J.: 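I am attaching a structure below and will ask some questions about it afterwards.
Keep in mind the model is a prediction, meaning the values are calculated, not measured. Below, chain A is the first sequence line, B the second, and so on; all start at residue 1.
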Amino acid sequence: MSSASEASVDGELGWNRGVSASSRTKGRRRLFFCPKETAAMAKTERKPSHGDEKLYALRHSTAHVMAGAVLELMPDAKFGFGPPVADGFYYDFDLPRPLQPEDLGKIEAKMREVVKANHAFEHRDMSVKEALDFFRARNQTYKVDQIEKLAADGTSKDSDDRVEGGKVSLYQHNGFVDLCRGPHVARTGDIKAFKLLSIAGAYWRGNERNPQLQRIYGTVWPSQAELDAYLEKLKEIERRDHRALGKDLELFRIDDELGSGLVLWLPNLSIVREELETWWRKVHHERGYTLVYTPHIAHEKIYQRSGHLEKYGENMYGPLALDEGTQNFWIKPMNCPGHIKVFQSKVHSYRELPMRIGELGTVYRYERGGTLHGMLRVRGFTQDDSHIFCSWDQAQAEIGGVFDLAMEFLRVFGYSDPKIYLSTRPVKRLGTDELWDKAEKALADALGVREVPYDIDEGGGVFYAPKIDIKVMDAIGREWQGPTIQIDLNLPERFDVTFVNAQGQRERAVMIHRVLFGSLERFVGGLIEHYAGNFPLWLNWEQATVIPIRDSAFDYGRSVADRLGSRGFRVKLDQQGDMRARIKAAQERKSSYMLIVGDKEAAAGTVSVRRRGSRDEERGVTLDAFLERVSEERDSKALPADFVGHREPSAGDAMA
RNA sequence: GCCGACGUAGCUCAGCCGGUAGAGCAGCGGUUUCGUAAACCGCCGGUCGGCAGUUCGAGUCUGCCCGUCGGCUCCA
């Protein structure tokens with residue numbers, strides 16, 4: 001007999017049947033991305049729209065069914081938390097042995113039995129003492145821990161559970177009892193289309209000093225069609241994975257011997273980066289930025305003064321002991337100290353402000369091994385960093401200017417639905433509360449003036465400043481971290497950054513830190529996925545491929561390629577294999593245009609145009625007409641014709 | 001860093017109960033010149049992630065490192 005029946009207490013507890021999903025009161029909801037997406041994306045998910053209570057109940061109920069199945073298969077299992085998350089659910093277990101991939105199938109089979117048996121979900125309240133006795137008797141130490149915490153605090157940030165009137169809420173089905181506020185579906189038979197996806201480690205209460213539990217992720221949908229659509233979306237995410245595309249398209253490489261977390265930009269992606277940097281410099285010159293270069297290592301005294309060694313030291317590489325070990329240098333983790341020194345190279349009048357100092361500055365930060373992820377999480381990266389030095393009176397307008405520039409950037413790349421977050425003071429920080437009050441208010445005011453709606457990310461600021469984060473949706477509805485703006489009152493004080501005001505007195509400058517791309521590595525890694533490798537013409541490493549049909553057209557093909565090259569296009573003349581092989585290869589390299597030329601084209605001075613993503617050809621296009629067309633496309637930085645932007649809400653939101 | 005899985009040619013992978021490494025693609029050399037997604041023939045290419053151990057013998061078994069993947073924690 002399984003222990004599920006040992007846990008069964010129907011008789012003595014008096015369960016209430018038929019608690020409907022709609023009885024669930026509003027509460028905090030913990031939302032995460034599906035496992036595949038997490039590392040690539042922002043930590044917080046946008047809140048789902050109203051009206052998805054049923055989906056919430058379905059996911060929550062399936063988590064219970066899974067936990068019940070695990071308990072039947074492994075009677076010694078102990079349970080942690082098992083909440084619904086975006087697109088599915090998970091449950092954490094403390095198990096006597098590690099789970100194997102084959103276990104998922106067994107657990108799923110057991111779940112299907114329970115679904116088929118159509119057990120009722122039943123609810124009851126229990127006094128704290130009763131509940132503690134109940135879970136102690138079953139050796140469910142994590143539940144005991146949670147109830148004790150709830151009894152002490154009333155609520156818990158780790159779950160929706162709470163103590164009300166001295167009681168906690170429990171649910172049971174098929175003898176599996178869990179601490180839970182509900183709601184649930186009425187019966188297990190209401191669970192239709194589900195699948196267990198993966199196994200992972202997770203710390204109890206998310207704290208790495210706590211024991212590590214085994215987490216099973218699963219997904220569940222009201223219908224098989226919706227489950228299929230979701231699984232298809234996961235496949236699409238896999239197809240777009242920048243690490244796979246990075247290999248296929250020869251974009252970047254991370255070499256073990258060179259060092260993990262360090263990116264080699266291969267020639268193709270280097271072209272993308274060069275185009276981005278060229279445009280970035282142009283835009284910044286137009287906006288009154290001064291572009292500079294600063295060193296990659298610095299004496300430790302500057303990092304003592306900036307507070308980096310104290311608050312950020314565990315992420316820094318060093319020390320490098322120079323001059324017989326009498327002088328310590330560290331590799332720079334941020335560009336701000338260098339830019340402060342640039343500003344302080346002379347005395348500035350208020351007339352010169354705001355002074356906007358920018359740099360494509362390469363920094364190195366130690367990241368723990370398990371956190372590295374392709375180009376999205378690396379140890380060396382280049383930020384498109386700028387520090388704006390201005391007076392307090394100018395700060396708000398400057399923040400607004402940066403904000404507008406950020407929006408322009410996002411539009412160019414086809415990102416949509418920007419969402420704004422205001423991240424406030426973290427626990428580990430410099431400076432007084434008054435300074436933080438002032439800085440946080442300045443950011444909030446700047447957003448207020450623009451009437452931009454935003455959410456607060458409590459404690460999400462950097463050690464020296466609060467920040468505005470802009471998060472955006474990519475082509476398949478995933479959220480990414482975008483530009484960041486920070487207003488810093490700490491470093492100007494530590495470095496005594498001043499200017500001479502209209503009264504001839506020294507006045508403390510305000511420092512605004514901002515990035516638009518963030519890091520080039522992460523931004524471009526994200527772009528690869530956003531575009532699925534199909535880059536817009538202006539960024540593409542192979543803008544056109546000239547494909548002669550046979551030898552007789554080689555000379556004409558060369559003249560076409562030369563003509564395009566002389567207009568600044570990146571063109572490949574392919575003479576390998578036969579024509580069909582050349583077409584296939586060009587398509588695989590994601591060349592923007594194929595220009596197929598044979599004897600007819602040579603005679604007429606035309607090209608046959610085939611656009612990436614299409615099997616149609618357009619014959620008899622004169623070279624001039626083609627040049628005019630692609631010049632316009634390139635210079636306007638148009639999104640490619642095969643780009644399909646994000647239009648609908650994400651799958652999870654659509655379920656409302 | 002932690003939990004689990006995995007590391008064989010540039011890439012994708014095969015290699016049984018331990019007997020001394022194999023395919024396709026790519027590359028190179030030929031042949032072929034063909035009207036819209038893979039022409040044909042040949043050749044080159046591997047300290048099987050690294051270091052120890054067990055064994056007559058290790059790609060296969062064991063241990064420790066390194067790395068990658070899925071998460072956790074952290075983050076641009």
Side-chain angles (χ1 to χ4, degrees), chain A residues 32-39 42-43 90 92 94-95 97-101 103 197-217 241 243-244 247-248 250 253-257 259-261 312 314-315 333-334 361 363 365-385 460 462 467 469 480-484 515-523 525-526 547-554 575-588 594 596-601 608-610 614-617 619:
Chain A
F32 296 82
F33 280 95
C34 72
K36 297 253 185 216
E37 298 177 72
T38 311
K43 168 166 59 178
Y90 68 78
D92 289 342
D94 188 346
L95 301 174
R97 66 165 176 88
L99 286 168
Q100 303 299 319
D103 290 320
L197 297 173
S198 61
I199 304 163
Y203 301 107
W204 170 237
R205 293 190 192 284
N207 186 326
E208 62 184 322
R209 286 187 300 276
N210 286 342
Q212 189 150 32
L213 309 177
Q214 299 190 66
R215 174 171 297 179
I216 303 176
Y217 280 98
D241 191 313
R243 294 165 299 182
K247 269 182 190 164
D248 292 346
E250 297 173 17
R253 183 179 172 88
I254 293 171
D255 184 272
D256 185 7
E257 191 174 15
S260 66
Y312 203 74
E314 60 193 33
N315 291 300
M334 294 187 192
V363 298
R365 301 181 186 175
Y366 173 73
E367 298 287 350
R368 300 199 286 185
T371 64
L372 301 174
H373 183 91
M375 296 184 82
L376 300 180
R377 189 72 185 271
V378 296
R379 287 176 170 161
F381 54 96
T382 300
Q383 295 180 300
D384 66 316
D385 213 354
V462 205
K467 58 179 179 169
D469 284 323
W480 295 76
Q481 169 69 259
T484 296
V515 292
L516 301 177
F517 292 134
S519 95
L520 267 309
E521 282 74 7
R522 182 175 284 183
F523 183 80
I547 298 176
I549 288 167
R550 52 196 181 104
D551 280 1
S552 56
F554 275 7
Q575 305 183 1
Q576 299 273 308
D578 64 17
M579 179 197 61
R580 281 158 37 86
R582 292 170 200 153
I583 287 171
K584 181 174 197 306
Q587 197 77 27
E588 281 178 347
M594 284 178 242
I596 291 147
V597 296
D599 298 337
K600 292 172 195 161
E601 283 78 8
S608 181
V609 180
R610 181 164 157 165
S614 166
R615 299 188 76 132
D616 297 333
E617 58 149 355
R619 293 204 186 189

J.: Once each nucleotide of nucleotides 28-36 of chain B is scored for protein heavy atoms under 4.0 Å, what B/S/- sequence comes out, 5' to 3'?
T.: -----BBBB
J.: Applying side chain to side chain donor-acceptor pair (under 3.5 Å), which residue pairs with at least one partner in residues 575-584 of chain A are found, sequence neighbours left out?
T.: A:Lys584-A:Glu588
J.: Please enumerate all residues that pass salt bridge (charged side-chain N to carboxylate O under 4.0 Å, His left out) together with A:Arg97, with sequence neighbours excluded.
T.: A:Asp103
J.: Could you pull out all residues at least two apart from A:Glu250 that satisfy side chain to side chain donor-acceptor pair (under 3.5 Å)?
T.: none
J.: Could I get the full list of side chain to side chain donor-acceptor pair (under 3.5 Å) partners for A:Arg205, not counting sequence neighbours?
T.: A:Asp145, A:Gln146, A:Asp158
J.: Taking side chain to side chain donor-acceptor pair (under 3.5 Å) as the test, write out the residues that go with A:Glu367, two or more places apart.
T.: A:Arg377
J.: Salt bridge (charged side-chain N to carboxylate O under 4.0 Å, His left out) with A:Asp92: which residues, sequence neighbours excluded?
T.: A:Arg215
J.: Under the salt bridge (charged side-chain N to carboxylate O under 4.0 Å, His left out) rule, collect the residues that match up with A:Glu601, sequence neighbours excluded.
T.: none
J.: Output all residues satisfying salt bridge (charged side-chain N to carboxylate O under 4.0 Å, His left out) with A:Asp241, sequence neighbours left out; order by chain, then residue number.
T.: A:Arg243
J.: For RNA chain B, which ranges pair as stems of 3 or more consecutive Watson-Crick or G-U pairs, with both donor-acceptor distances under 3.5 Å?
T.: B:1-7 with B:66-72, B:10-13 with B:22-25, B:27-31 with B:39-43, B:49-53 with B:61-65
J.: For each nucleotide in nucleotides 4-13 of chain B, reading 5' to 3', give B when a protein heavy atom comes within less than 4.0 Å of its base, S when such contact involves only the sugar-phosphate, and - otherwise.
T.: SS-----SS-
J.: If the condition is side chain to side chain donor-acceptor pair (under 3.5 Å), which residues does A:Asp94 pass it with, not counting sequence neighbours?
T.: A:Tyr142
